[in-house]
**Student:** 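This is the structure I want to talk about, given as structure tokens.
Sequence lines set the chain letters: A, B, ... in the order given, protein chains first and strands last, and positions in each chain run from 1. Side chains are part of it too, since the values below use all heavy atoms of this structure and drop only hydrogens, waters and symmetry mates.
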Amino acid sequence: MKMILTGNESAAWGARLSRPKVVAAYPITPQTSIIETIASFIANGEMDARYIRVESEHSAMAACIAAQNTGVRTFTATSAHGLALMHEMLIWASGARLPIVMSVVNRAMAPPWSVWTDQLDTMAQRDTGWIQIYTENNQEVIDSIIMSYKIGEKHNILLPSMVIEDAFILSHTSEGVDIPEQEKVDEFLGEYDPAFKLDPDEPAGFGSLIMPEGPYMEFRYKMALAMEDARKETGEVVKEFNEIFGRNYSPFVEEYRTEDADAVMVVLGTIGSTAKDVVDNMRGEGYKVGVARVRYFRPFPVEEIRNIARKTNMLGVADRSYSFGPGANLYAETKSSLYGFTDIPVKNYVMGLGGRDITPKILEKVFKDMLLISKKGVVDKEVEWVGLQGDERWS
Amino acid sequence: MHRLTIPEEEYMLSGHTACLGCGATIAMRYVLKALGKRTILSIPACCWAVIPGVYPHRNLEVPLLYTAFEVTGAAISGIREALDVMGKEDVNVVGFAGDGGTADIGLQALSAAAERGHNVFYIMYDNEAYMNTGIQRSGSTPMGAWTTTTPGGKKRMYKWEPKKSVAEIMVAHNIPYVATATIAYPEDMISKLRRAKEMKGPKFIQILSPCPTGWRYPPDKTVEVSRLAVQTNVFPLYEVVNGKYRITIKPKNPKPVKDYLMMQGRFRHLTEEEIARIQKHIDENWKALLKKERCSQED
Ligand SMILES: Cc1ncc(C[n+]2csc(CCOP(=O)(O)OP(=O)(O)O)c2C)c(N)n1
Ligand SMILES: [Mg+2]
């Protein structure tokens, strides 16, 4: 079935098709229409779930944790300040090994108040033990939610997932989406089979005090192994999904015209579609450029990044957030993946913070800067802020 | 022949890690006796996060979800909804939290859970300070008390503000059942828990649980301190059923508050004037409670 849906409606559909039994949620722009759409699905009997209208995102995550630990699939959604407020419980969810799935709509953090897209909110949660997938279009939103349940619920993984979309560019923009058939999704996901649960017939305690010589460190090591298993199994799940639902996702990084490219731009989320368009135009003019759109930021696609680096002479990393001190996160991860494998130049382009528009014109100038560096073989400046007010170079 | 009013079954085993004379431990024992085996507990950061024992040991024979400090209201909501959706409506869901986790950091989540009307129990075991972290003042610390963050000093910086009444806050949520209890009156406590069990919706019970370590009295005096709190009207025992107040234990000749205060090192610094001020405060509270009982019973 084809429908015209916004990114947020797609997220709600992804949840609906996955049949969570408890949804706990709290409104925040630009996420709100996800939980409103789910409320109307439930109110109309189109979705069979308990809906807990909590008083905060902190409680939303706490309620999902408790419900999932009781033995049911759960879902929630948030953005920016809501995600930051959840921080304590995000670590709790992964540490408790509960495969909760959450939609996150990237939004800038205040001050100053801004509701537009910016990836600091999710970047600041990258060490919480959640699988993080950044999406580029509404189809990918709906499909990724379904796949996230499948991956997270495997008993060797048991990790929660954030399915991330850019504010407004996806959340409030409509496009044609193919809605997977419910029967096929049911078959693909199967019944939720919890690895453990709160049960008076088999009383167990979850999360008790542990001493340094107790297995705290071993629990964390097992999470590290689970994240590695997620890396392995994601490939299988994506392949299976592609076959059943007629898609062609590449699991970790979507490469676009990277073969023979002199320079490749590494991006997350919707910068990808603009960049691909620019690549087509520039290729027409003889510039050999390509795009690597990173889908999973956790687990980070280290091997895939190395493979791309083998094919090209320069990587430009576009970040829509900044980490004060080292430079932005996608850049830092890209560089650390490459250390010791290649010495091609890598440059960080920081852009689009607080929702500032990233136009084809800007990206074309960035690509040309990248090509120059590719020719010279050295980076002039490791971190470049692109599109600051009054800076004419990029406009 | 005596009729056994306190169930024989034990769901709290020996081998807990609490301090000698811990009132909160006695409170848990009775709560589980009253509610039985088909109970799921949720416990936030507090002394009771430590008392069941260090992993892999656990002295409770019911399922237990440890959670973060401020989330008990949300956690029991999540457990309840998940159980109901699985058709396990018979299982009791119990949040068991300290006064700090209830009156302070967890008040928001508790208020929201109560307002939403989930079918849950919330037990506030009230030891009148943050004991897990070493006796710091909470909103439930009583007037005049010493704690490590109200240490007195040259400026007599004690806790001079009155104790926050969480029970009254819960009454204002229009939930079916609110009660106070204390460990020196186990039959009163158990009958309240049983009454609550008959009701659907949020049930809130505040259990005064004396703490020898924090209140500075010898560990063998826990029950005595608990009893005196009632007999001096410092901690009245009552229940509010669908808005109707009933005082369950009415001391015939209330003892002076001074008797209660002077048993405990945390009050030993108080002057006669200060004690008189506290006595007045307690008398006013008691009168107000009598009025609430009278007014709410009138129809
Ligand atoms: C967010 C957060 N802040 C602070 C703490 C530290 N902390 C743990 S228990 C506790 C005090 C608990 O007091 P109360 O709820 O009265 O229970 P008690 O320890 O007295 O039994 C504090 C402050 C924490 N665990 N989490
Ligand atoms: Mg306390």
Side-chain angles (χ1 to χ4, degrees), chain A residues 20-24 26 48-74 76 85-89 91-93 95-96 98 100 192 194 196-216 219, chain B residues 11 17 36-45 49-86 88 90-93 95 105-116 118 132:
Chain A
K21 288 288 169 218
V22 171
V23 175
Y26 194 77
D48 178 23
R50 296 291 176 122
Y51 193 80
I52 311 180
R53 296 152 191 90
V54 283
E55 87 301 339
S56 72
E57 291 85 352
H58 195 279
S59 284
M61 188 45 60
C64 284
I65 288 167
Q68 190 101 18
N69 211 327
T70 308
V72 300
R73 209 172 261 162
T74 65
T76 187
L85 186 61
M86 274 183 192
H87 178 71
E88 181 191 27
M89 303 320 291
I91 297 171
W92 202 288
L98 299 167
I100 296 163
Y192 178 49
F196 46 79
K197 59 178 195 274
L198 288 162
D199 182 355
D201 295 320
E202 270 179 73
F206 298 94
S208 66
L209 182 71
I210 198 160
M211 292 298 168
E213 61 278 13
Y216 182 99
F219 285 146
Chain B
Y11 302 100
T17 64
K37 181 177 169 0
R38 293 192 70 73
T39 295
I40 294 178
L41 277 177
S42 175
I43 298 182
V50 180
I51 295 170
V54 172
Y55 176 91
H57 302 288
R58 188 166 44 92
N59 80 323
L60 300 174
E61 290 206 303
V62 295
L64 166 53
L65 181 69
Y66 295 87
T67 55
F69 195 15
E70 61 282 58
V71 303
T72 305
I76 54 180
S77 306
I79 297 170
R80 177 79 272 161
E81 295 311 302
L83 286 173
D84 286 358
V85 90
M86 292 190 291
K88 297 185 184 175
D90 65 310
V91 178
N92 306 308
V93 177
I105 200 167
L107 188 61
Q108 171 178 320
L110 165 61
S111 170
E115 183 272 331
R116 286 191 304 265
H118 302 277
N132 170 298

**Student:** Of B:Val93, B:Ile79, B:Val85, which meets side-chain contact (heavy atoms from CB on, under 4.5 Å) against A:Thr70?
**Tutor:**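 Single side-chain contact (heavy atoms from CB on, under 4.5 Å) partner of A:Thr70 among B:Val93, B:Ile79, B:Val85: B:Ile79.
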
**Student:** Looking at B:Pro52, B:Ser42, B:Pro63, which one has more heavy-atom pairs under 4.5 Å with chain A than the rest?
**Tutor:**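 It is B:Pro63.
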
**Student:** In terms of heavy-atom proximity below 4.5 Å to chain A, should B:Ala49 be classed as side chain, backbone, both, or neither?
**Tutor:**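 Answer is backbone: N, CA, C or O of B:Ala49 sit under 4.5 Å from chain A.
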
**Student:** Between B:Ile43, B:Val91, B:Val54, which has the largest tally of heavy atom pairs under 4.5 Å with chain A?
**Tutor:**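 Of the candidates given, the most pairs with chain A belong to B:Val54.
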
**Student:** Which atoms form the tightest heavy-atom contact between A:Ala67 and B:Ala82, and what is the distance?
**Tutor:**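 Residues A:Ala67 and B:Ala82, closest heavy atoms: O-CB, 3.6 Å.
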
**Student:** Which residue out of A:Gly214, A:Ala96, A:Ala204 racks up the most heavy-atom pairs below 4.5 Å with chain B?
**Tutor:**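 Counting heavy-atom pairs under 4.5 Å, the top option is A:Ala204.
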
**Student:** Would you mind checking which part of A:Val54 comes under 4.5 Å of any heavy atom in chain B, side chain (CB onward), backbone (N, CA, C, O), both or neither?
**Tutor:**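 Contact with chain B involves both backbone and side-chain atoms of A:Val54.
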
**Student:** Please give me the minimum heavy-atom distance between B:Gly78 and A:Ile52, naming the atom from each residue.
**Tutor:**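 Result for this residue pair: CA-CD1, 3.9 Å.
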
**Student:** Begin with the C-alpha distance, continue with both residues' side-chain angles, and end with the deciding distance and a verdict on side-chain contact (heavy atoms from CB on, under 4.5 Å) for A:Glu88 and B:Glu70.
**Tutor:** CA-CA 11 Å; A:Glu88 181 191 27; B:Glu70 61 282 58; 2.8 Å; yes

**Student:** Should A:Arg50 and B:Arg80 be marked as a side-chain contact (heavy atoms from CB on, under 4.5 Å) after you check the CA-CA gap, both sets of side-chain angles, and the distance that decides it?
**Tutor:** CA-CA 10 Å; A:Arg50 296 291 176 122; B:Arg80 177 79 272 161; over 6 Å; no

**Student:** Return the minimal non-hydrogen interatomic distance between B:Tyr55 and A:Pro215, and the atom names on each side.
**Tutor:**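 That closest heavy-atom pairing would be CE2-CG, 3.3 Å.
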
**Student:** Check each atom of B:Glu61 against the heavy atoms of chain A and say whether the ones under 4.5 Å are side chain, backbone, both or neither.
**Tutor:**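 It is the backbone, since no side chain atom gets that close.
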
**Student:** Which region of A:Met61, side chain (C-beta onward) or backbone (N, CA, C, O), has a non-hydrogen atom less than 4.5 Å from a non-hydrogen atom of chain B, or is it both or neither?
**Tutor:**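 For A:Met61, there is no contact with chain B at all, as no heavy atom is under 4.5 Å.
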
**Student:** Minimum heavy-atom separation for A:Pro203 and B:Arg58, please, with both atom names.
**Tutor:**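 In this case the closest contact between A:Pro203 and B:Arg58 is O-NH2, 3.4 Å.
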
**Student:** Enumerate the residue pairs fulfilling side-chain hydrogen bond (donor to acceptor under 3.5 Å, both in side chains) with a member in residues 201-211 of chain A, sequence neighbours excluded, ordered by first and then second residue.
**Tutor:**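 Counting only pairs at least two positions apart or across chains, the side-chain hydrogen bond (donor to acceptor under 3.5 Å, both in side chains) contacts touching residues 201-211 of chain A are A:Asp201-B:Arg38.
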
**Student:** Side chain from CB out, backbone as N, CA, C, O: work out which of these in A:Leu198 comes under 4.5 Å of a heavy atom of chain B, or both, or neither.
**Tutor:**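 For A:Leu198, backbone and side chain are both near chain B.
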
**Student:** Taking all heavy atoms of A:Ala62 and all of B:Ala74, pick out the closest pair and write down the distance.
**Tutor:**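 That would be CB-CB, 3.9 Å.
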
**Student:** B:Ala109 and A:Ser59: which non-hydrogen atoms are nearest, and at how many Å?
**Tutor:**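 For B:Ala109 versus A:Ser59, the nearest heavy atoms are CB-OG, 3.7 Å.
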
**Student:** Flag the one option from A:Ala63, A:Gly71, A:Ala49 with the top tally of heavy-atom pairs under 4.5 Å to chain B.
**Tutor:**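 Looking at each option in turn, the highest pair count goes to A:Ala63.
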
**Student:** Hey, which of B:Glu115, B:Gln108, B:Lys88 has the most heavy atom pairs under 4.5 Å with chain A?
**Tutor:**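 Among B:Glu115, B:Gln108, B:Lys88, the one with the most close pairs to chain A is B:Gln108.
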
**Student:** Just wondering, are more than 12 heavy atoms of other shown residues or ligands nearer than 6.0 Å to OH in A:Tyr216?
**Tutor:**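 No.
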
**Student:** If I measure from the heavy atoms of chain B, does A:Asp199 come under 4.5 Å with its side chain, its backbone, both, or neither?
**Tutor:**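 Both parts, backbone and side chain.
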
**Student:** Could you look at B:Ile40 and say if it's the side chain, the backbone, both or neither that has a heavy atom under 4.5 Å from chain A?
**Tutor:**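 Just the side chain, heavy atoms under 4.5 Å.
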
